[in-house]
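Remember, it's 1-based here, ligands and their atoms both numbered in the order they're listed.
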Amino acid sequence: MKGFLGLAGLAPEEVADLLALAARLERSPEPDALKGRVLALLFFNPSLRTLASFQAGMARLGGSSFVISPGQGTWLLETRQGVVMDGAAAEHVREAIPVLASYADALGIRSFAGGTDLAEDLEDSAFRSMVEVCPVPAINLESAIDHPCQALADWKTMDDLGIPAKGGKFVLTWAWHPKPLPLAVPAAAVHIAALRGMEVTVLRPEGFALPEPVMARARAAAALSGGSVRETADRAEALEGARVIYAKSWTSPLHYGDPQAEAGFRAGLRGWCVGDDWFETAAPDCRFMHCLPVRRNVVVKDSVLDGPRSVVVHEARNRMWAQMAVLHRLLLG
Ligand code: CP
């Protein structure tokens with residue numbers, strides 16, 4: 001692997017290999033595997049899990065890492081191309097990234113969606129332009145339209161819990177949230193479930209259909225694996241027989257870049273908060289998944305999050321094993 005930029009670029013055998021390696025590293029530690037290796041982590045946006053799990057994972061493999069959060073003790077970085085840099089940013093990523101890479105063996109980048117131009121965010125333009133100037137293997141720590149580390153950890157979580165791949169019903173449901181949120185996690189979740197061969201249903205209110213390129217990518221993954229992908233606004237029908245209810249809020253593509261209009265559009269949708277009643281017609285052992293962070297009693301009720309269905313901490317722990325596998329393959333082959 002030359003980088004870990006998105007699951008769409010990986011063959012199913014490569015995903016299977018990473019999952020097997022993640023499970024092996026969980027069972028059998030390799031505390032010297034990456035001795036002397038350095039991972040650079042560039043965070044343009046906040047994080048708890050991604051930051052901590054990469055640093056912990058690198059340390060468990062014998063390597064080390066450093067974190068740069070532009071503007072927090074370091075220079076603000078410009079990411080736009082061809083601009084006159086007479087604003088707050090003192091340095092451009094075109095210099096900063098090769099410099100950071102010269103200290104490290106791999107570089108992780110977190111760069112969320114700009115949230116103003118849907119076409120640009122769907123292209124992942126800002127993230128891609130940074131990867132282009134990175135001379136060492138790059139890792140996507142969540143970009144505008146993908147979160148492959150989360151997706152890999154979610155796949156491992158479903159394997160760990162014996163959730164069937166072929167034929168297992170995976171419901172990705174939209175949930176209410178006070179702010180318009182990016183499309184990266186829902187795009188990654190729908191993709192990974194489809195690639196795993198599951199029967200994927202995207203449940204969302206009218207006006208929150210995932211953009212066609214996201215659905216097309218998921219359909220292509222389903223075609224490879226024998227799974228299926230569909231969307232509906234019919235909650236009762238969607239939840240029947242579900243093995244997984246995966247909740248996430250995302251912005252309405254109809255009002256992308258217009259938070260005020262978007263807020264008005266979602267105002268009546270507070271009922272989209274996952275409660276125990278959502279599981280009444282689901283499979284008896286249906287699990288609740290969420291990438292975290294999650295707002296309690298906004299996205300999901302306490303009773304679900306604190307109950308036996310919730311596997312959110314398991315998912316978060318698997319971030320570390322999954323990413324250790326990625327680092328192992330990137331740096332050792
Ligand atoms: N799920 C996830 O990426 O969490 P953080 O934003 O805390 O890294």
Side-chain angles (χ1 to χ4, degrees), residues 4-7 18-19 22 39-60 65-72 106-115 121 124 126-127 130 138-158 160-161 170 172-175 177-193 214 244-251 274 287-296 298-300 304-305 310-327:
F4 188 70
L5 306 178
L7 291 165
L18 286 171
L19 290 165
L39 172 67
L41 294 164
L42 177 57
F43 279 89
F44 287 92
N45 313 95
S47 168
L48 186 147
R49 279 143 291 275
T50 307
L51 192 155
S53 57
F54 263 106
Q55 290 205 287
M58 197 63 187
R60 281 174 185 267
S65 54
F66 65 87
V67 179
I68 298 291
S69 304
Q72 295 173 36
L107 173 74
I109 304 171
R110 168 165 281 198
S111 174
F112 286 177
D121 287 341
D124 234 352
F127 178 73
M130 288 190 268
I139 304 171
N140 185 340
L141 309 182
E142 188 176 341
S143 64
I145 202 60
D146 212 347
H147 198 352
C149 294
Q150 182 68 50
L152 195 61
D154 289 343
W155 187 321
K156 180 175 183 313
T157 305
M158 290 190 274
D160 290 350
L161 296 169
F170 180 99
L172 168 68
T173 181
W174 185 88
H177 192 279
K179 293 194 292 187
L181 295 185
L183 294 160
V185 169
V190 79
H191 181 86
I192 198 77
V214 170
V244 171
I245 298 177
Y246 193 118
K248 188 72 186 82
S249 194
W250 62 86
T251 190
V274 180
R287 306 294 187 144
F288 174 78
M289 297 181 75
H290 190 283
C291 63
L292 302 181
V294 70
R295 291 185 184 232
R296 283 174 171 257
V298 170
V299 168
V300 55
V304 174
L305 213 43
S310 175
V311 296
V312 296
V313 175
H314 193 143
E315 288 175 82
R317 188 171 67 246
N318 272 334
R319 291 290 304 276
M320 185 176 72
W321 304 118
Q323 291 156 193
M324 284 166 67
V326 169
L327 291 165

Which protein residues have a heavy atom closer than 4.0 Å to any atom of ligand 1, listed by chain and number?
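These residues qualify: S47, L48, R49, T50, R110, H147, Q150, C291, L292, R319.
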More than 12 non-hydrogen atoms from neighbouring residues, nucleotides or ligands closer than 6.0 Å to CZ on R60, yes or no?
no
Any side-chain donor-acceptor pair under 3.5 Å between H314 and D160?
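D160 and H314 do have a side-chain donor-acceptor pair below 3.5 Å.
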Assign the ring pair Y246 / F170 to parallel, tilted or perpendicular, where the plane angle (0 to 90°) is split at 30° and 60°.
tilted
Looking at residues at least two apart in the chain, or sitting in another chain, which of them share a side-chain contact (heavy atoms from CB on, under 4.5 Å) with S53?
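Applying side-chain contact (heavy atoms from CB on, under 4.5 Å) to S53 gives R319, M320, Q323.
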Excluding sequence neighbours, so at least two apart, what forms side-chain contact (heavy atoms from CB on, under 4.5 Å) with L5?
F127, V131, A138
Mind checking what makes side chain to side chain donor-acceptor pair (under 3.5 Å) contact with K248, not counting sequence neighbours?
none
